[in-house]
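Let me begin by presenting the structure, written as structure tokens, before commenting on it.
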Amino acid sequence: MALVTLSVYDIKHAENARISSAVTSLNTLTRNALNVGGIFHGGVEVFGDEWSFGYCPEGSGVYRCNPRMNPMYEYRESVPLGVTSLSPARASAAVAALRAQWRGSDYEVLERNCNHFCEALCEALGCEGPPEWLNAFANNANKARGAYQSAVSGVESAYESAVSGVAGAWAWLAS
């Protein structure tokens, strides 16, 4: 048995400190003051290793780092996720299985990101999943994108029906 902990990071921009500062400020407002989430990176710590997921052109996007020390992000907080009953060997096997399923080239910011990976790893470990606020921004943006695409499809369909109806009426009038 081992404790499982979520490490939450602010996204940082490698070349622009002002962008990093703006994201941190936004996350402070949306996470701390409004409790609605933000733009975060997540990693799951179990048996002394932190596991995360990110884009890479080839191979698995799953990678290991020292807990709370991911060099690509700014550590914000830890969230306890309970306990896994898996042994270290079984937890390692669960991570290996996920490494095969989570290819780096399949990374998608709204549908298959680091926080979705955290959810999958927690499920494999049999512990509580990350809190909803962790990935709320991506999930809500994805819903908005789906609603937009549905609306566009509906407008296109209505337009095609109207054109077809006008063409049919014109043909009837011409005959």
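Both backbone and side-chain heavy atoms feed into the values below; hydrogens, waters and symmetry mates do not.
Counting non-hydrogen atoms of other residues, nucleotides and ligands closer than 6.0 Å to CD of E77 gives a total above 12. More than 12 heavy atoms of other residues, nucleotides or ligands sit less than 6.0 Å from atom CD of E119. With a 6.0 Å radius and a threshold of 12 heavy atoms from other residues, nucleotides or ligands, M72 has its CE atom above the threshold. Few gaps surround CZ on R64; more than 12 heavy atoms of other groups in view lie less than 6.0 Å from it.
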Subject >> Working for salt bridge (charged side-chain N to carboxylate O under 4.0 Å, His left out), residues E58 and R103 >> reply: CA-CA 7 Å; E58 293 182 13; R103 301 194 46 78; over 6 Å; no
**OP:** Might you work through the side chain to side chain contact (heavy atoms under 4.5 Å, CB included) test for N113 and E108, ending with a clear yes or no?
**Re:** CA-CA 6 Å; N113 65 34; E108 204 285 323; over 6 Å; no
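How far SG of C127 is from CG of L81: 5.5 Å, rounded to the nearest 0.5 Å. Atom CZ of residue F47 and atom CG of residue L3 lie 9.5 Å apart, to the nearest 0.5 angstrom. The distance from the CH2 atom of W133 to the CG atom of N115 is 9.0 Å, given to the nearest 0.5 Å.
In this structure, the side chain of S85 does not engage the main chain of M1 through any donor-acceptor pair within 3.5 Å. Although no hydrogens or angles enter the test, the distance criterion places no donor-acceptor pair under 3.5 Å between the side chain of K12 and the main chain of A17. Side-chain atoms of Y9 come within 3.5 Å of backbone atoms of N70 as a donor-acceptor pair (strictly under, hydrogens ignored). Under a 3.5 Å cut-off, the side chain of N66 and the backbone N or O of M69 do not form any donor-acceptor pair. Put simply, the side chain of S25 gets close to the backbone of S21: a donor and an acceptor are under 3.5 Å apart. Y73 places no side-chain N or O within 3.5 Å of a backbone atom of R76 that could act as its donor or acceptor partner.
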Could you tabulate the donor-acceptor pairs under 3.5 Å formed by side-chain atoms of residues 36-43, not counting sequence neighbours?
unit_1	atom_1	unit_2	atom_2	d
H41	NE2	S52	OG	2.8

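Considering F53, Y55, W102, F117 as possible partners of Y107, the one that fulfils the ring pair (Phe, Tyr, Trp, His ring centres under 6.0 Å) test is F53.
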